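A quick note: this is a predicted structure, and the numbers were derived from the prediction, not measured.
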Amino acid sequence: MHRLTREEGRRVALCAQLLTADRPGGIVEAVDGLTLVNIDQTAAVAPSADHILWSRVGWPYQAADLARAVEEDRAIFEWAGFYRPMADLPLYRPLMRAWPPYRQHREWLAANDGFRHDVVARLISEGPLRTGEIPDTSQVAWKSTGWTNNRNVAQMLDFLVICGEVAISGRQGNERLWDVAERVYPTETVELSADDAARLRAERRLGYLGLARAKAPSQPVEPLDVGAVGEEALVDGVDGSWRVDPTLLDPAGRFEPRTALLSPFDRLVFDRARAHDLFGFEYVVEMYKPAAQRRWGYFALPILHGDRLIGKLDAAADRKAGLFRVAAIHEDEPFPAEVAEAVNLEVRDLAAWLGLEVTGIPGS
């Protein structure tokens, strides 16, 4: 049983998420350390994958390098809304084989077996292809109350990726390029049982979280809990027990702090309850709220300084004007002068990486 202060717990989490001064050496190393990188194309500041990787790698990171790692080197693959290390593919193969778990999906695929065959045959002969280049020969339309209603080709492709028959070969802008899996994934991989793969996924999850609950609220794709992997820990002032990756404990106090502006989709803040327990940080993504109900802004970026989450940056990239417009820096507690300067410097660095000029930093 480990007994950690909140400060120690935060530092374990930050080391796991590669948010210390000891930065990863490149994209593949960063994705391997993070295990998964969220893909969201909202570009109020930058698409989430680019922002997350820039916040880890720093100035060497360029989006073209990520595309090369995915499309040419095949060191990274896209599956279920995340970029993942290709070396982890065997961990997901049992999930692919077991899909779909829902009757609606099974029945729709069964009713559209001919459509499924048409899509795969088209990819074999002509792939990689964009969604719009694949004809809709569905026998039964996909019914939904959401935006996927009657989007039969896109729905079939998404399903075939999840079950491992089709893979995402790359992207043209925001559009995905689809191909048969054998032309994207390595042909020879280790075969794992469902139980072994689940255990290894839990170990990887604890590795990128550092500190996690054995049980947590369910999530549709990526769980937040880790079961019995790692070692048990208690955190001062926080109810319940945790599981900790003991390799990330730092009894010698070698933690190297830095300042960072995080994507709203960063895994450090994705679990709101955990962010509150460890960092005392209150945060939601407010782009989905009416403007009058927003406290911090449409696409506010969590601000990390040292081992604390200290505020939110309300800013947006105005690419037509060539400006990075800062509407507000919301301080959870008043920033000392040296902290304000560190945050302002990080804002300037982010804007420069985006190729924009900053406007609106308080006191500048």
So does E107 have more than 12 non-hydrogen atoms from other groups sitting under 6.0 Å from CD?
yes
Those residues that, when tested against D277, pass side-chain contact (heavy atoms from CB on, under 4.5 Å) (two or more places apart):
R213, V238, W242
side-chain hydrogen bond (donor to acceptor under 3.5 Å, both in side chains) between T247 and D245, intermediate numbers included
CA-CA 6 Å; T247 67; D245 181 345; 2.7 Å; yes
Donor-acceptor pair, Q293 side chain versus K289 backbone, under 3.5 Å?
no
The single option from V31, L19, V37, I27 that satisfies side chain to side chain contact (heavy atoms under 4.5 Å, CB included) with R56 is L19
Apply side-chain contact (heavy atoms from CB on, under 4.5 Å) to residues L211 and L4 and explain how you reach the verdict.
CA-CA 11 Å; L211 192 66; L4 308 178; 4.1 Å; yes
Start with the C-alpha gap between R116 and D113, add the side-chain angles, then the distance that decides, and say whether salt bridge (charged side-chain N to carboxylate O under 4.0 Å, His left out) holds.
CA-CA 5 Å; R116 178 178 188 163; D113 189 62; 5.4 Å; no
Specify whether H105 and F159 have parallel, tilted or perpendicular ring planes, treating 30° as the upper limit for parallel and 60° as the lower limit for perpendicular.
tilted
Test of understanding: with side-chain contact (heavy atoms from CB on, under 4.5 Å), list the residues that count as partners of C15, not counting sequence neighbours.
T20, L248, F255
Starting at CZ of R254, measure out to CZ of R11 and round the result to the nearest 0.5 Å.
12.5 Å
Gap between atom CD1 of I303 and atom CD of E346 - 0.5 Å precision:
10.0 Å
Within the side chain of E175, is there an N or O that forms a donor-acceptor pair under 3.5 Å with the backbone of Q172?
no
Side chain to side chain contact (heavy atoms under 4.5 Å, CB included) partner of R205, the single match among L224, V226, L200:
V226
Charged N to carboxylate O below 4.0 Å: is that the case for E333 and R308?
no
L261/D349 under side-chain contact (heavy atoms from CB on, under 4.5 Å): CA gap, chis, key distance, verdict
CA-CA 10 Å; L261 303 172; D349 275 354; over 6 Å; no
Under 3.5 Å side-chain donor-acceptor pair for S55 and R23:
no
Between S48 (side chain) and N38 (backbone), is there a donor-acceptor pair under 3.5 Å?
yes
Has the side chain of R243 got a donor or acceptor atom that lies under 3.5 Å from a matching backbone atom of A228?
yes
Look only at the side chain of N112 and the backbone of F115, and say whether a donor-acceptor pair between them is shorter than 3.5 Å.
no
Can you check side-chain contact (heavy atoms from CB on, under 4.5 Å) on L313 and W296, steps first, answer last?
CA-CA 8 Å; L313 171 71; W296 306 303; over 6 Å; no
Any salt bridge between R183 and D179, counting N to O under 4.0 Å?
yes
Mark yes or no: R267 above the aromatic ring of Y208, with NZ or CZ under 6.0 Å from the six-membered ring centre and no more than 45 degrees from the axis.
no
Is a donor on one side and an acceptor on the other found under 3.5 Å between the side chain of D271 and the backbone of A273?
yes
Would you mind telling me which of L301, I52, L309 makes a side chain to side chain contact (heavy atoms under 4.5 Å, CB included) with L262?
L309
Strictly distance-based, threshold 3.5 Å: is any side-chain N or O of R325 a donor or acceptor partner for the main-chain N or O of V358?
no
With rounding to the nearest 0.5 angstrom, report the OG1 to CD distance, T35 to E222.
9.0 Å
Show, in sequence, the C-alpha distance, side-chain angles and deciding distance for L345 and T259, and conclude whether the side-chain contact (heavy atoms from CB on, under 4.5 Å) test is met.
CA-CA 9 Å; L345 178 61; T259 304; over 6 Å; no
Distance-only, no hydrogens or angles: does the R201 side chain make a donor-acceptor pair with backbone N or O of L91 under 3.5 Å?
yes
Between E182 (side chain) and T187 (backbone), is there a donor-acceptor pair under 3.5 Å?
no
Quick one: do E286 and K312 make a salt bridge, cutoff under 4.0 Å?
no
Taking Y283 for the side chain and A300 for the main chain, is one N or O donor matched with an acceptor at less than 3.5 Å?
yes
